[in-house]
Amino acid sequence: MSVVAPIYNEEGNISPFLERLQLVLTSLGCTHEIILVDDGSQDSSWSEIQRLASLYPCLRAFRLSRNFGHQHALLAGLGMACGDAVITMDSDLQHPPEVIPELIEAWRKGGSLVLTRRQEAKASNVFKRLTSRYFYRIFSMLADMDVHQGASDFRLIARQPLEELLRFDDAAPFLRGSVELLGFPKSIVDFEVAERHSGQSKYTLRKMLQFANLALIGHSSVPLRIGIWIGVCTSILAFLELCYILYQVVSGSTVPGWASSVGVTSLLFGVMFIVIGIMGTYIADIHALLKSRPKFIIWESLEGGVVASADPALRTASHGRRGAAGILRVDQSPRQADKPVRRAL
Ligand code: UDP
Ligand code: MG
């Protein structure tokens, strides 16, 4: 089992997060690794991770060279994971580690993708709840897929869908949408969002809007086609206006002067610029894709090794090339993890 958690300025949360997570994982009795991805934190998160690495041999950590954003940090961790199933979760304890056994239970019952639904009784403010509710409705409508209300990045992905997910090459990844495109048997587990353990949310209103915008652009082409409908409606209006003007000319009344012309022209210009703006956003997306810059850059890494809490047999751990599951014996030191031993199946 791999657990991936992104870290961005979470110095006060890493230790309690690892403590609670480790407790849950140990009680499960499966071989596990915890992957922390430091997404260019400016506080002492990385030194905190380095300090804790000696206490958690199952810890593997990767430090990105700058802040690439939550979704990229998640993808970096997913690409490194070696488990048969990978759980992604936030590191601020809003996603309670105690829910993990439920996710695993649902996976064992056959769900290759176990998604979660946030129940936000007290933890988040009314504004965030409302915007999130309407965002998912609008997103599902425009992107023609069903992203359930309260969707979050706390989920379990089995190895096979994970390999497929890693083949997605979105310039602005939105994993809540991408997992819906994967197919595979899905199940949903409800959980109550906890309060942030310490620090503040990194999603400011501006970041939320940016995220929502990129998610829509990345998964729906409806906004591109809006121009056609606006064009059709304005053409009908223009045609009606033309009929009215002709009637005025025939009946000898004066054709309304410049005010109406200026009104119509500016309306049409307005519409045109909106449409150009929408097209520009898509072109920017294509542009980003064509440049095919790296989605993240790993600066430093810490390979803690492997821990087998119950099963002393062979299990995973190695440097995570995408999908690579180099296997090492649990009695090997982390150094030896550099030379993965193949599992005899
Ligand atoms: N995060 C990240 N990079 C960012 C922003 C956030 O890795 O640029 C991490 C953050 O450390 C946390 C998770 O993503 O583990 C969710 O962020 P946050 O708690 O700020 O979001 P919220 O729960 O308020 O939506
Ligand atoms: Mg949070």
Side-chain angles (χ1 to χ4, degrees), residues 3-21 34-49 52 59-81 86-97 99-100 116-136 139 147 149-155 172-176 191-215 295-301:
V3 177
V4 171
I7 307 267
Y8 183 51
N9 296 342
E10 305 283 8
E11 56 186 3
N13 295 330
I14 301 170
S15 178
F17 169 68
L18 286 177
E19 208 172 297
R20 269 173 63 184
L21 180 62
I34 300 173
I35 297 178
L36 298 182
V37 181
D38 182 354
D39 186 18
S41 298
Q42 286 110 33
D43 65 357
S44 60
S45 291
W46 184 248
S47 24
E48 182 69 356
I49 293 172
L52 292 163
L59 182 67
R60 299 170 66 206
F62 300 92
R63 185 185 198 185
L64 304 189
S65 59
R66 65 169 169 86
N67 179 241
F68 283 85
H70 180 198
Q71 302 291 294
H72 288 108
L74 278 175
L75 278 172
L78 286 170
M80 295 296 169
V86 183
I87 291 170
T88 54
M89 63 196 298
D90 291 354
S91 52
D92 56 3
L93 286 166
Q94 288 204 274
H95 298 162
V99 178
I100 289 178
T116 60
R117 189 187 292 120
R118 292 178 305 203
Q119 305 290 326
E120 313 201 56
K122 30 194 166 136
S124 54
N125 61 38
V126 182
F127 178 73
K128 207 158 184 172
R129 244 179 320 187
L130 279 179
T131 45
S132 146
R133 183 182 309 167
Y134 288 108
F135 169 70
Y136 287 120
F139 180 87
V147 177
Q149 243 176 59
S152 80
D153 282 315
F154 186 18
R155 66 174 78 82
F174 175 60
L175 293 173
R176 284 164 229 183
F191 78 100
E192 188 140 323
V193 179
E195 304 259 11
R196 202 170 219 286
H197 182 267
S198 74
Q200 280 183 347
S201 169
K202 315 300 174 317
Y203 277 97
T204 54
L205 179 62
R206 197 173 73 89
K207 263 198 165 181
M208 266 163 63
L209 287 174
Q210 213 173 15
F211 186 51
N213 186 28
L214 289 175
K295 304 287 183 306
F296 52 81
I297 297 168
I298 293 175
W299 176 14
E300 284 181 73
S301 60

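Indexing begins at 1, ligand by ligand and atom by atom, following the structure's order. FYI, side chains are in, hydrogens and waters are out, and symmetry mates aren't considered; it's all heavy atoms of this structure.
- Here the side chain of D43 pairs a donor or acceptor atom with the backbone of S45 at under 3.5 angstrom.
- The Mg ion (ligand 2) forms the vertex of an angle spanning OD2 of D92 and OE1 of Q94; to the nearest 10 degrees it equals 100°.
- Of the polar atoms of P6, at least one N or O is found under 3.5 Å from an N or O of ligand 1, judged by distance alone.
- No side-chain donor-acceptor contact under 3.5 Å links R176 and S152.
- The aromatic rings of F139 and F135 lie tilted to each other, with the angle between the two planes from 30° to 60°.
- Each of the atoms 1 (N), 2 (C), 3 (N), 4 (C), 5 (C), 7 (O), 8 (O), 11 (O) of ligand 1 lies under 4.0 Å from some heavy atom of Y8.
- At a 3.5 angstrom cut-off on N or O pairs, Q200 does not count as close to ligand 1.
- For atom 19 (O) of ligand 1, the nearest protein heavy atom (residue, atom name, distance) is D92 OD2, 2.7 Å.
- Side chain to side chain, N13 and S91 fail the donor-acceptor criterion of an N or O pair below 3.5 Å.
- Against a heavy-atom cut-off of under 4.0 Å, E10 is close to the following atoms of ligand 1: 10 (C), 11 (O), 12 (C), 15 (O).
- Close approach to S201 involves these atoms of ligand 1, each under 4.0 Å from a residue heavy atom: 20 (O), 21 (O), 22 (P), 24 (O).
- The nearest heavy-atom contact from the protein to atom 23 (O) of ligand 1 is Q94 OE1, 2.9 Å.
- In terms of protein heavy-atom proximity, atom 16 (C) of ligand 1 is closest to D90 OD2, 3.3 Å.
- Which parts of ligand 1 touch N67 is read off a 4.0 Å heavy-atom cut-off, strictly below it: atoms 3 (N), 4 (C), 8 (O).
- The existence of a salt bridge linking K202 and E10 is confirmed by a sub-4.0 Å separation between a basic side-chain nitrogen and an acidic carboxylate oxygen.
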Test log, rule ring-ring contact (aromatic ring centres under 6.0 Å, His included), inputs H95 and F191: CA-CA 8 Å; H95 298 162; F191 78 100; 5.6 Å; yes

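- With K207, H70, Q71, R196 as candidates, the residue nearest to atom 18 (P) of ligand 1 on a non-hydrogen basis is R196.
- Heavy-atom proximity to Y203, at under 4.0 Å, picks out these atoms of ligand 1: 20 (O), 21 (O), 25 (O).
- Closest to atom 3 (N) of ligand 1 among all protein heavy atoms lies D39 OD2, 2.7 Å.
- Between the side chains of D153 and Q71, at least one donor-acceptor pair of N or O atoms lies under 3.5 Å.
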